[in-house]
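Take a look at the structure below.
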Amino acid sequence: MLKIFKYTFFDLIRNRWLIIYTAFYLALTVGLLFLTTDITKVIVSISNVTLILAPLIGILYGIMYYYSSIDFLTFLLAQPLSRRTIFTGFSLGIAVSLSLSLFVGLGLPILLSGMLDASHVFIFFLVLAMSILLTIIFAFFSFVIGLRNSNRIKGFGLAIFLWLFFAVIYD
């Protein structure tokens, strides 16, 4: 499981879309910090943006990566490894790489700005934990959707519907 996790994780870390995702959150956080000196407004704005974007990116990026690496997964399933080991390593690689990207994009500018005081630390880390948890949950949803649907169009459609249901309709 560890080797599959490491391969998936390092493959995704080098991916340009994940770098763009990290750069977007870096630019958003730095821009919000330059616009206002009130850290509460920055945290609320980050919370509003990540409540919509983190699940969307988690589910779409996860399903896109699953369908693009289906041949690799088929090759791994032919090896004498348990399915649980393969699927756990693969899905954890996706979830951890997206979570690390989110953590770097949101956490690094806030922590380096020096604006975070003792009264806002808990709230910021709560928002960051919420965003990371949403990313992990929706990355796992994307993996389950990919496993259940071999048709890519149905998989993407179901992924978008699931995000729309939870993020827009349910919220």
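- Between Leu134 and Leu51, the closest heavy-atom pair is CD1-CD1, 3.9 Å.
- Counting heavy atoms of neighbouring residues, nucleotides and ligands inside a 6.0 Å radius, atom CZ of Phe103 does not exceed 12 of them.
- In this pair, Phe138 and Phe166 present their aromatic rings perpendicular. The plane angle is above 60°, beyond the 30 to 60° band.
- In this structure, CG on Asp11 lies 10.5 Å from CG on Leu18, to the nearest 0.5 angstrom.
- With rounding to the nearest 0.5 Å, the separation of CG in Leu56 from OG1 in Thr50 is 12.5 Å.
- Taking the six-membered ring for Trp and thresholds of 30 and 60 degrees, Phe9 and Phe5 have nearly parallel ring planes, at less than 30 degrees apart.
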**Message:** I'd like to know whether Phe10 forms a side chain to side chain contact (heavy atoms under 4.5 Å, CB included) with Asn15, so could you lay out the CA-CA distance, the side-chain angles of the two residues, the decisive distance to 0.1 Å, and finally the verdict.
**Reply:** CA-CA 9 Å; Phe10 287 118; Asn15 194 330; over 6 Å; no
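- The CG atom of Leu128 lies 9.0 Å from the CD1 atom of Ile46; values are rounded to the nearest 0.5 Å.
- The side chain to side chain donor-acceptor pair (under 3.5 Å) search around Asn151 returns none, not counting sequence neighbours.
- Taking CD1 of Ile13 as the start and OG1 of Thr22 as the end, the distance is 7.0 Å to the nearest 0.5 Å.
- More than 12 non-hydrogen atoms from other residues, nucleotides or ligands lie less than 6.0 angstrom from CE of Met64.
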**Request:** Just do the side chain to side chain contact (heavy atoms under 4.5 Å, CB included) check on Phe122 and Val127 with the steps written out, would you?
**Result:** CA-CA 9 Å; Phe122 177 72; Val127 167; over 6 Å; no
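- For Phe90, the ring pair (Phe, Tyr, Trp, His ring centres under 6.0 Å) partners are Tyr65, Phe143, not counting sequence neighbours.
- Using a 4.5 Å heavy-atom cutoff, the side chains of Tyr7 and Lys3 are not in contact.
- Under the 4.5 Å side-chain contact rule for hydrophobic residues, Phe34 and Val42 do not share a cluster.
- Met1 and Ile4 fall into different hydrophobic clusters, where Ile, Leu, Val, Met, Phe, Trp and Tyr residues are linked whenever their side-chain heavy atoms come under 4.5 Å apart, directly or through other members.
- Residues Ile160 and Leu60 have side chains in contact (heavy-atom distance under 4.5 Å, counting atoms from C-beta outward).
- Of all heavy-atom pairs spanning Ala139 and Leu98, the tightest one is CB-CD1, 4.4 Å.
- Of the possible donor and acceptor atoms, none in the side chain of Thr29 sits under 3.5 Å from a partner among the backbone N and O of Leu26.
- The shortest non-hydrogen separation linking Leu33 to Ser113 is CD1-CB, 3.8 Å.
- Heavy atoms from other residues, nucleotides or ligands lying under 6.0 Å from CZ of Phe72 number more than 12.
- Both Met130 and Leu32 are members of a single hydrophobic cluster when ILVMFWY side chains are connected at heavy-atom separations under 4.5 Å.
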**Request:** Show your working on side chain to side chain contact (heavy atoms under 4.5 Å, CB included) between Ile145 and Arg148 and close with a plain yes or no.
**Result:** CA-CA 5 Å; Ile145 289 171; Arg148 296 281 181 200; 5.9 Å; no
**Prompt:** Taking it one step at a time, do Leu102 and Ile57 satisfy side chain to side chain contact (heavy atoms under 4.5 Å, CB included)?
**Reply:** CA-CA 10 Å; Leu102 187 71; Ile57 299 299; over 6 Å; no
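- The minimum heavy-atom distance linking Gly93 with Leu12 is given by the pair O-CD1, 3.8 Å.
- Distance OG/Ser142 to CG/Leu158: 11.0 Å, rounded to 0.5 Å.
- Placement of Leu126 and Ile132 in two distinct hydrophobic clusters is found when ILVMFWY residues are connected by side-chain heavy-atom separations under 4.5 Å, directly or transitively.
- For the atom pair CG (Leu53) and CG (Asn48), the distance works out to 11.0 Å, reported to the nearest 0.5 Å.
- With hydrogens and angles disregarded, no donor-acceptor distance shorter than 3.5 Å links the side chain of Trp17 to the backbone of Tyr61.
- The closest donor-acceptor contact from the side chain of Arg83 to the backbone of Leu77 lies at 3.5 Å or more, if one exists at all.
- With hydrogens and angles ignored, the 3.5 Å screen pairs a side-chain donor or acceptor of Ser99 with a backbone N or O of Ala95.
- Leu108 places none of its side-chain heavy atoms less than 4.5 Å from the side chain of Tyr25.
- Nearest heavy atoms, Tyr21 versus Ser101: CD2-OG, 3.3 Å.
- Across all their heavy atoms, Ile52 and Trp163 have their closest contact at O-NE1, 3.2 Å.
- More than 12 heavy atoms of other residues, nucleotides or ligands shown are found within 6.0 angstrom of CD1 on Ile20.
- Neither Val30 nor Phe124 shares a network with the other; the hydrophobic side chains, linked directly or stepwise wherever heavy atoms of I, L, V, M, F, W or Y lie under 4.5 Å apart, form separate groups for each.
- Here the side chains of Phe125 and Ile110 are not in contact, with every heavy-atom distance at 4.5 Å or above.
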